[in-house]
Amino acid sequence: MRTPIVAGNWKMNKNLSETKSLLSELTSVSLPSNVEVVVAPSFVVLESAVNTTSNSQVAVAAQNVNAAANGAFTGETSLNMLQSIGVNQVILGHSERRDIYGETDEIINEKVLQSIEAGFRVIFCFGEQLSERKDGSHFEVVSKQLSSGLKGVTAEQMSQVVLAYEPVWAIGTGETASPEQAQEMHAHIRSFLSDAYSAEVASGVRILYGGSVKPGNAKDLFANPDIDGGLIGGASLVASDFLAIVAAAE
Ligand code: PGA
């Protein structure tokens, strides 16, 4: 059985005191032991978040990283810097990184490869645009994002990868993929993994759904056989909502 993961992508929200207060709410309750809980706060509060969560079931991830080891990259953060403060998980390929900051499949692939090499767990995001869903190319688009983003990742290294299917039209819009639409795509992703790697890899990789997951729809989404939890944006900023979603993954 795959252990479900519920990960909160805080995006550019929560300053230091807000981070401490949200994390104290998350760490003061007992979480279901069979769900992995991850939060991804902003870079400036990561070290504080690592310290606040150190004796808890809540793990901390970064929202991005630079693939280079070091050097003249103004405003960027390296894998080694993250490791030095105890962070060893990173979200890569989020649609906001792709669409707003111009990250291509190639840039993301380099980040994926370097992160895996450095021992990180990668939460790799991908998903189609609304126009691609409408013209029926969504399966093809997702396959292409997977083959480009995971290029060079070995079957063994796939144990360090968590996939997050996030249809762009459902992110922050309040419009969620129906449980049937999500399950259909997750089954497609698993069959992609089976072809690209093996049935064993396909059955072991956690595939999260993301895009307007809320307490009210989480259970129906997570009940599907190929949906192994969620990547949560807006609803991860409110402790009671996030905790309800974690409970729905149990
Ligand atoms: P949302 O964001 O839950 O606010 O739609 C999800 C995400 O971007 O990861």
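Counting starts at 1 for both ligands and their atoms, in listed order. Each residue takes its place number in the sequence, starting with 1. When reading the values below, keep in mind they use all heavy atoms of this one structure, side chains included, and skip hydrogens, waters and symmetry mates. Treat the numbers as computed from the prediction; the structure is a model and nothing was measured.
- Defined by atom type and a distance below 3.5 Å, a donor-acceptor pair is present between the side-chain atoms of N64 and K111.
- Counting atoms of ligand 1 from 1 in the listed order, those under 4.0 Å from a heavy atom of G211 are 5 (O).
- N70 and S78 are not linked by any side-chain donor-acceptor pair at a separation below 3.5 angstrom, with hydrogens and angles left out of the test.
- Numbered from 1 in the order shown, with element, the atoms of ligand 1 that lie under 4.0 Å from a heavy atom of G172 read 1 (P), 4 (O), 5 (O).
- For the pair L193/M158, a side-chain contact is recorded, criterion being any heavy-atom separation below 4.5 Å from C-beta on.
- Of all protein heavy atoms, the one lying nearest to atom 3 (O) of ligand 1 is G233 N, 2.9 Å.
- The proximity of I171 to ligand 1, defined as any non-hydrogen pair under 4.0 Å, involves the side chain as well as the backbone.
- Per-residue contacts place A170 under 4.0 angstrom from the following atoms of ligand 1 (heavy atoms of the residue considered): 5 (O).
- Counting only heavy atoms from C-beta outward, the side chains of V38 and V60 never approach each other to under 4.5 Å.
- Listed by number with element, the atoms of ligand 1 under 4.0 angstrom from any heavy atom of H94 are 7 (C), 8 (O), 9 (O).
- For K11, the heavy-atom gap to ligand 1 drops under 4.0 angstrom.
- To the nearest 0.5 angstrom, Q145 atom CD is 13.0 Å from N109 atom CG.
- Side-chain N/O atoms of Q63 and W10 include no donor and acceptor closer than 3.5 Å.
- Scanning the protein heavy atoms around atom 9 (O) of ligand 1, the nearest turns out to be E166 OE2, 2.6 Å.
- Annotation: atom 4 (O) of ligand 1 to nearest protein heavy atom, G234 N, 2.8 Å.
- Of all heavy-atom pairs between F222 and V6, the closest is CE1-CG2, 4.3 Å.
- Contacts between A235 and ligand 1 below 4.0 angstrom, taking non-hydrogen atoms only, are absent altogether.
- Shown in contact with N9 at under 4.0 Å from a heavy atom are these atoms of ligand 1, numbered in order with element: 9 (O).
- Counting atoms of ligand 1 from 1 in the listed order, those under 4.0 Å from a heavy atom of S212 are 1 (P), 3 (O), 5 (O).
- For the pair Q57 (side chain) and P32 (backbone), a donor-acceptor distance under 3.5 Å is present.
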